[in-house]
Amino acid sequence: MSAVEIRNIQKRYGDVETLKGIDIALESGEFLVLLGSSGCGKSTLLNIIAGLAEPSGGDILIGERSVLGAHPKDRDIAMVFQSYALYPNMSVARNIGFGLEMRKVPASEREKAVRNTARLLQIENLLDRKPSQLSGGQRQRVAIGRALVRNPQVFLFDEPLSNLDAKLRMEMRTELKRLHQMLKTTVVYVTHDQIEAMTLATRIAVMRDGRIEQLGTPEEIYDRPATLYVAGFVGSPP
Ligand SMILES: Nc1ncnc2c1ncn2[C@@H]1O[C@H](COP(=O)(O)OP(=O)(O)OP(=O)(O)O)[C@@H](O)[C@H]1O
Ligand SMILES: [Mg+2]
């Protein structure tokens with residue numbers, strides 16, 4: 001059974017074709033990375049899966065069910081953006097639990113979920129702090145915690161680490177990998193960083209100009225690039 005199925009997704013803005021027919025079937029527990037240079041359509045595709053944008057053609061299935069037209073909150077997904085805004089006046093605990101609060105989850109249940117999530121992300125000792133009292137990496141963890149706490153079918157990440165310095169980015173990469181191995185949730189992760197893609201992905205979709213140039217495991221992409229473009233993009237040096 002596919003956890004997420006992207007069927008012939010197209011997106012047009014006026015005369016410009018941003019996505020030109022994308023097909024990917026994701027097994028449950030896969031970590032798919034959408035990799036490609038700026039403007040190739042990664043965020044557009046992710047936003048369509050999330051329900052933040054509607055496609056011009058094609059279909060999105062989550063858990064075998066078409067979600068076209070369904071509101072983002074009814075898609076059983078959680079999204080982490082590049083520019084995550086934490087609520088500055090709320091504690092870390094309340095930031096993590098706010099989504100549950102909005103859904104009227106009882107306080108005792110909420111508290112338990114927040115504590116479990118914080119433990120997973122190793123920020124249990126920071127729950128009473130305000131975001132301004134945290135480092136960049138710790139803030140990033142809180143943003144991920146906010147998504148994690150909801151225990152969705154699918155996580156969507158749009159360049160969540162690009163605001164961090166190189167060292168922190170590496171640490172968070174390791175952390176995300178550990179979390180995924182533990183939780184085995186299905187993930188779609190957008191980045192233009194090939195090292196991030198190689199280390200995190202179970203499969204990589206290399207995108208170029210609204211199309212998939214190659215879809216495969218990191219090893220396949222690296223050892224047997226289908227095109228010169230893929231070889232240049234993933235190879236180091238190009
Ligand atoms: N609302 C919009 N109206 C018109 N064009 C848009 C709109 N949103 C995106 N585009 C165009 O669609 C193309 C793909 O954009 P998208 O944001 O998906 O790229 P991306 O791969 O995420 O790039 P980046 O790595 O820079 O975030 C770009 O050429 C962009 O200008
Ligand atoms: Mg983008």
Side-chain angles (χ1 to χ4, degrees), residues 4-24 26 30-60 62 67-69 71-72 75 77-85 136 139-140 143-144 146-147 154-166 168-170 172-173 176 186-201 203-216 218 221 225-236 238:
V4 179
E5 206 178 324
I6 300 163
R7 276 193 195 158
N8 192 24
I9 284 294
Q10 297 152 45
K11 181 68 179 175
R12 238 171 283 112
Y13 289 111
D15 298 341
V16 185
E17 255 191 301
T18 296
L19 296 175
K20 301 168 179 167
I22 304 281
D23 287 286
I24 307 172
L26 264 152
E30 271 202 88
F31 198 121
L32 175 76
V33 170
L34 303 176
L35 176 67
S37 57
S38 184
C40 72
K42 307 177 296 291
S43 296
T44 304
L45 182 57
L46 201 74
N47 289 339
I48 288 174
I49 300 171
L52 301 173
E54 284 300 313
S56 314
D59 201 357
I60 299 285
I62 296 179
V67 292
L68 280 198
H71 195 271
R75 294 190 179 199
I77 48 129
M79 191 153 174
V80 181
F81 297 95
Q82 174 178 0
S83 49
Y84 50 93
R139 270 181 227 156
Q140 185 65 69
I144 292 170
R146 247 185 346 197
V154 185
F155 284 114
L156 305 175
F157 291 95
D158 194 347
E159 313 230 22
L161 308 185
S162 54
N163 284 331
L164 304 177
D165 68 36
L168 261 177
R169 209 155 62 214
M170 205 169 73
M172 283 305 299
R173 217 155 60 204
L176 279 174
T186 311
V187 177
V188 184
Y189 187 105
V190 165
T191 185
H192 59 263
D193 180 334
Q194 59 275 48
I195 299 171
E196 216 165 280
M198 292 294 295
T199 45
L200 286 171
R203 277 199 299 167
I204 299 175
V206 181
M207 290 178 67
R208 179 192 189 186
D209 197 17
R211 286 198 176 83
I212 292 181
E213 188 94 348
Q214 186 173 4
L215 177 64
I221 301 270
T227 65
L228 207 57
Y229 180 81
V230 174
F233 199 81
V234 177
S236 172

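Every number for a ligand or one of its atoms is a count from 1 in the order of the listing.
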Give the residue and atom name of whichever protein heavy atom lies nearest to atom 26 (O) of ligand 1, and the separation in Å to one decimal.
-> S38 OG, 2.5 Å
Looking at M198, R169, E159, which hits side-chain contact (heavy atoms from CB on, under 4.5 Å) with D193?
-> R169
In L176, L34, L32, the residue satisfying side-chain contact (heavy atoms from CB on, under 4.5 Å) with Y189 is L176
Value for CD (E213) from OG1 (T227), rounded to nearest 0.5 Å, stands at 3.5 Å
Residue and atom name of the nearest protein heavy atom (relative to atom 15 (O) of ligand 1), distance in Å to one decimal = T44 OG1, 3.6 Å
Any idea which atoms of ligand 1 are less than 4.0 Å away from a heavy-atom of E159?
-> 25 (O)
Note, L35 side chain near T191 side chain (heavy atom, < 4.5 Å) | yes
Under 3.5 Å, N or O to N or O, is H192 touching ligand 1 that way?
-> no
Is T18 touching ligand 1 with its side chain, its backbone, both, or neither, if touching means heavy atoms under 4.0 Å apart?
-> side chain
For atom 30 (C) of ligand 1, is the nearest protein heavy atom under 4.0 Å away?
-> no
Classify the angle between the aromatic ring planes of Y229 and F233 as parallel (below 30°), tilted (30 to 60°) or perpendicular (above 60°).
-> parallel
Could you find the nearest protein heavy atom to atom 23 (O) of ligand 1 and give me its residue, atom name and distance?
-> G39 N, 2.8 Å
Per-atom contact, atom 10 (N) of ligand 1, protein heavy atoms, under 4.0 angstrom = yes
Indicate yes or no for a side-chain donor-acceptor contact from Q214 to the backbone of A226 under 3.5 Å, with no hydrogens or angles considered.
-> yes
Looking only at protein heavy atoms, identify the closest one to atom 1 (N) of ligand 1 and say how far it is in Å.
-> Y13 CE2, 3.4 Å
Give a yes/no verdict on whether any heavy atom in G36 is under 4.0 Å from an atom of ligand 1.
-> no
Give the residue, atom name and distance (to 0.1 Å) of the protein heavy atom nearest atom 25 (O) of ligand 1.
-> K42 NZ, 2.8 Å
Contact flag S38/the Mg ion (ligand 2), N/O/S atoms, threshold under 2.8 Å | no
Side-chain donor/acceptor of R75 to backbone N/O of I62, under 3.5 Å = no
Does the pair K42 and D158 meet the rule for a salt bridge (charged side-chain N to carboxylate O under 4.0 Å, His left out), with working shown?
-> CA-CA 8 Å; K42 307 177 296 291; D158 194 347; over 6 Å; no
Tell me: protein heavy atom nearest atom 22 (O) of ligand 1, and distance?
-> S43 OG, 2.8 Å
Between the main-chain N or O of Q10 and the side-chain N or O of K20, is there a donor-acceptor pair closer than 3.5 Å?
-> no
